[in-house]
Number of protein chains: 2
Amino acid sequence: MTDAGGTTGAHSTEVVARLRNALHDRVDTSPDALTAARADKSGHASAGTPLAVVHAASIADVQATMRIAAETRTPVVPRGAGTGLAGGANTGTGEISLSLRSMDRILDVRPDDLLAVVEPGILNADLNAKLESHGVWWAPDPASRSISTVGGNIATGAGGLLCAKYGVVRDAVLALDVVLADGRLIHTGHRSVKGVTGLDLTSLFIGSEGVLGVVVGATLKLRRLAPGQVHTLAALFPDVRTAAAASAAVTAVGLQPSVMELMDATCLAAAHRLLHLAPPAGGAQLTVQTDGAASADEAAAIADVLRAAGGQVETARDQAEGERLLEIRRAMHPAMETLGTTLIEDVAVPRSRLAEMFDEIARVEREHGVVIPTVAHAGDGNLHPNFIFEGTEVPQKIWDAADDLFHAALRLGGTLTGEHGIGVLKSRWLAAELGDDQWQLQRSIKTVFDPLGILNPGKVFSE
Amino acid sequence: MTDAGGTTGAHSTEVVARLRNALHDRVDTSPDALTAARADKSGHASAGTPLAVVHAASIADVQATMRIAAETRTPVVPRGAGTGLAGGANTGTGEISLSLRSMDRILDVRPDDLLAVVEPGILNADLNAKLESHGVWWAPDPASRSISTVGGNIATGAGGLLCAKYGVVRDAVLALDVVLADGRLIHTGHRSVKGVTGLDLTSLFIGSEGVLGVVVGATLKLRRLAPGQVHTLAALFPDVRTAAAASAAVTAVGLQPSVMELMDATCLAAAHRLLHLAPPAGGAQLTVQTDGAASADEAAAIADVLRAAGGQVETARDQAEGERLLEIRRAMHPAMETLGTTLIEDVAVPRSRLAEMFDEIARVEREHGVVIPTVAHAGDGNLHPNFIFEGTEVPQKIWDAADDLFHAALRLGGTLTGEHGIGVLKSRWLAAELGDDQWQLQRSIKTVFDPLGILNPGKVFSE
């Protein structure tokens, strides 16, 4: 529907004229803006070119855009910073790209109540930089945190590196302001810690990828900055299965690192090459960080578990050395780009099944003749298999391998997507996880919010 | 609708016959069972008598009940242990009471993955007693935990005493098995820590009070039992406002007790009388508990804050003495019953507004000439004002005072109900909090799940 839907010709000229009349220079039809709105960071772009990009500066701008869209039956694709990895913000022919990026103010910070009220366009890292002086932080920390918006984090239900200890976006939002498909504004949730008034629409909007409404404000649940030093260690293992089993052993004995990242041999070697480091002395690496009052003791205990599980442990002597250890993990995305074009996948499994999931990845590599370097947020069982290929279009062979991998994750009690969302790239597998009955039910809920089908059509629920 | 809806006469005889044919002796029409199904622990009962109570023993039983109900357009009211405080499980004329209480098995415990799969009828305390040997626990701890079911906790989105530190039910459920209005079974959520596949129906069902479907299984997110001793202290204050301000001061400096309960003068005096203790030496009491590795240090730091805020602090020397201090708080419900009939309310406000909410309660007492003894989960801003009256029906004067109180909570950025739910008792205020647009939207979602209107009609969304 993304490309087939929307308006064309005379009608589209009229829609743009109406937008301009209402929103003046916040309506952008420059070729650069239109081209940029076609894609996110998934590597996938829509086939056509959007009608216009609206740079909303206020809730009223969003409402005006939605009213015009509803009246003219024009599809609208909400957009943050465009850093998504599932094509959820990609905008095609005849569609309006509604950018929330300029709405980036912090409206209120209440350290006593551990909450902040923000506009959706603020970058995650910018928000946290500003919260620091209040002694608080917002825990969701997607790897994209320096370039992704809070609104985008909410739209995808983002995760990150710290989730096993500090939770995901769903755990960190108290209330939302949402503009509906027809331009009306609603307020869900509350500022109190507890609240069970009616249905939990706040949770329903989190991770809904713009198909239910446009998030224009969020009341975030904050945490206090923990006292104490961060401790970092890295452990090399002969192979990825041993490393995965070691990470499961850490959580199984009740230790809770703040970060526990796993890189397989290909990732590790590529990152070392990119950073001009000597080749790694092992086939997989776990990078672990602890924080809080008991940080040093926990790091020592984790080192013991990792050694017992066959790891060769290096402990950072100070924060700077810790940063250098983590830098290898952070180099992963650019390192993958040196290998070819990448389709970054995002399955999650129960932590105890992590080693089995790596077995499945090895099987898929073997059976489909593809290379799938994989990193994992090992502390929470979330894996990012990177399918490497040549060219700009994902070849059928890669999709076949991905299909095999998705079904393997589901068999292990896992899910298609831990933190990136469905977007356009995974919509064809959605019913496989939900079942047809639940898929239909979710589709009907979408229709309640968006009877005209103008909110991010073709995303999540492909027909 | 509760009493007006449903089936009567010849039709009801046929419905019961069909139920008996499918479910045999799990269909109970004894007068005692029918009378018991009319009420929960809110003090409110439905006007009429149900058709039958079905004691479901399996998912198939629930499906059979819902199929017959859908075919005969008979309302069904799901029920756990009947300990609700908002009338959500009250069953009236022509309705089927569907009891999940007999489905009380633990199906799977995975300490490594910190999850358990349970049937809905298991009592919260029984579950936790059985989890203890695995070194794990399920954190939601409503005051009713020894008599309320996990399914009921999920249906109401229950809170409890430990929520400020350990979260509410919404934070502690990974996946649900739900029988829909027409008898189909769906599985929402996943066993992994992360997962954003499609809309978050798991959250939508939590706190939905039986109006969307019947929860027949739950995958619960567990926590490890924390090492270390629990420390308990109690602090007496001259008045409730000073105590409320002291509790806000504790959270404002970043200390996180596991329990922080506030009792006002009337509650405190009534509990002391009930327990045959000497009259209290103050006008309000905070009872505080800390746990975890730093428990002793935290208790000492909290004691300092409370003393600085005007409290007279008593620290328990051991666990037994700690239990005695908490016993006074636990005696609250029976103590209230000595004062008259009680309407237990459940507003919540941001923690920093707790003292102001107590001012509002004092104002409502004064202006309406009513007595409202109040306890609060002070750590999370959740208050239980107890409206005391004579007789069995809530008099209009009490409803007028409650109405005033609800609007005061909303003005302070709070909510009608922190943890008890809307049920029948608060449905007339629902739109005041949600706004008409959101109320309509939620009502439409209900219709997607229950097009025939047979699932707990008249609850939450009264017409």
Side-chain angles (χ1 to χ4, degrees), chain A residues 110 112-113 135 156-157 159 163-164 168 170-171 184 186-188 190-201 203-204 206-208 224 248 251-252 254 293-294 348-352 380-382 413-419 421-422 430 433-435 437-438 441-442 444-445 448-449 460, chain B residues 110 112-113 115 156-157 159 163-164 168 170-171 184 186-188 190-201 203-204 206-208 224 248 251-252 254 293-294 348-352 380-382 413-419 421-422 430 433-435 437-438 441-442 444-445 448-449 460:
Chain A
R110 299 275 169 177
D112 288 5
D113 289 322
T156 54
C163 303
V168 292
R170 179 201 179 210
D171 305 309
R184 283 177 301 162
I186 63 167
H187 307 282
T188 72
H190 34 77
R191 291 169 77 106
S192 49
V193 174
K194 288 179 182 165
V196 291
T197 299
L199 303 176
D200 184 1
L201 294 199
S203 292
L204 195 66
I206 294 170
S208 67
R224 266 171 229 293
T251 45
V349 295
R351 286 171 279 211
S352 63
D380 57 34
N382 184 198
T415 180
L416 281 177
T417 172
E419 56 186 13
I422 298 294
L430 184 60
E433 179 167 337
L434 299 184
D437 288 338
Q438 191 186 167
L441 207 50
Q442 294 205 1
S444 302
I445 292 171
V448 165
F449 284 85
V460 187
Chain B
R110 300 276 169 177
D112 288 7
D113 289 323
L115 65 83
T156 54
C163 303
V168 292
R170 179 200 180 211
D171 306 308
R184 285 177 300 163
I186 64 168
H187 307 281
T188 73
H190 34 77
R191 290 169 77 106
S192 49
V193 175
K194 286 179 183 167
V196 291
T197 301
L199 303 176
D200 183 1
L201 294 199
S203 292
L204 195 65
I206 295 170
S208 68
R224 268 172 227 292
T251 45
V349 295
R351 285 172 279 211
S352 63
D380 56 34
N382 184 197
T415 179
L416 282 176
T417 171
E419 56 186 13
I422 298 293
L430 184 59
E433 180 167 336
L434 299 184
D437 288 339
Q438 191 186 168
L441 207 51
Q442 295 205 1
S444 301
I445 293 170
V448 165
F449 285 85
V460 186

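A, B, ... follow the sequence lines: proteins, then strands. Residue 1 opens every chain.
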Which heavy atom of [X] sits nearest a heavy atom of [Y], and at what distance?
X	Y	value
A:Q438	B:H187	NE2-O, 2.8 Å
A:G421	B:V196	N-CG2, 3.6 Å
A:S192	B:T415	OG-CG2, 3.6 Å
B:G198	A:V460	CA-CG1, 4.4 Å

What's the separation between atom [atom1] in [X] and atom [atom2] in [Y], rounded to the nearest 0.5 Å?
X	Y	atom1	atom2	value
B:R224	A:T251	CZ	OG1	6.5 Å
B:T197	A:L430	OG1	CG	7.0 Å
B:R184	A:L441	CZ	CG	7.0 Å
B:L204	A:I445	CG	CD1	5.5 Å

Contact winner vs chain B - [options], heavy-atom pairs under 4.5 Å:
options	answer
A:L434, A:T417, A:D200, A:V448	A:T417
A:S444, A:G157, A:C163, A:G254	A:G254
A:G207, A:G135, A:G195, A:S208	A:G195

Next item on the list: Establish, from distance only, whether the side-chain atoms of A:R170 and B:S203 form a donor-acceptor pair under 3.5 Å.
Entry: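 The criterion, which ignores hydrogens and geometry beyond distance, is satisfied for B:S203 and A:R170.
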Check: Would a distance-only check, ignoring hydrogens and angles, find a side-chain to backbone donor-acceptor pair under 3.5 Å from A:D113 to B:S352?
Finding: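 Yes, A:D113 side chain to B:S352 backbone: donor-acceptor pair under 3.5 Å.
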Measuring heavy-atom distances to chain A, does [X] have an atom under 4.5 Å in its side chain, in its backbone, in both, or in neither?
X	result
B:I186	side chain
B:T188	both
B:V349	backbone
B:E433	side chain

Item checked: Heavy-atom proximity to chain B below 4.5 Å, by part of A:R351 ->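 Contact with chain B involves both backbone and side-chain atoms of A:R351.
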Check: Is A:N382 close to B:V193 at the side-chain level, that is, under 4.5 Å between some pair of heavy atoms?
Finding: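 Heavy-atom side-chain distance check fails, nothing below 4.5 Å.
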Next item on the list: Could you check if a side-chain atom of B:P350 sits within less than 4.5 angstrom of a side-chain atom of A:R110, using non-hydrogen atoms only?
Entry: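 No, their side chains stay 4.5 Å or more apart.
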Next item on the list: Against chain A, work out which of B:V168, B:D112, B:L201 has the most heavy-atom pairs shorter than 4.5 Å and name it.
Entry: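 Among the listed options, the one with the most contacts to chain A is B:L201.
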